[in-house]
Amino acid sequence: MLKTIQGIYKNGKIELAETPQGITESLVFVTFLETKPSQWLDIIMQYYGVKESIIFESY
């Protein structure tokens, strides 16, 4: 059975986000994903909104 659980590698240890149920011992493979800095913060900070072209009036 294959089971994938998210975790984080920190200070030489792997911390799992959850404890796998029903597994007491198993062979594992660890894949390190490349972390790239996100450009979303720059995009969000430069967003000024869109000027509304429709004027809503109350009658």
Inspect the surroundings of CD in Gln6 and state if more than 12 heavy atoms from other residues, nucleotides or ligands are less than 6.0 Å away.
no

NZ (Lys3) and CD (Gln21) are apart, to the nearest 0.5 Å, by 7.5 Å

Can you name the closest pair of heavy atoms from Ala17 and Ile5 and give their distance?
N-CG2, 4.3 Å

Ile8 versus Ile14: any side-chain heavy-atom pair under 4.5 Å?
no

Taking CZ in Phe32 as the centre, count heavy atoms belonging to other residues, nucleotides or ligands within less than 6.0 Å. Is the count above 12?
yes

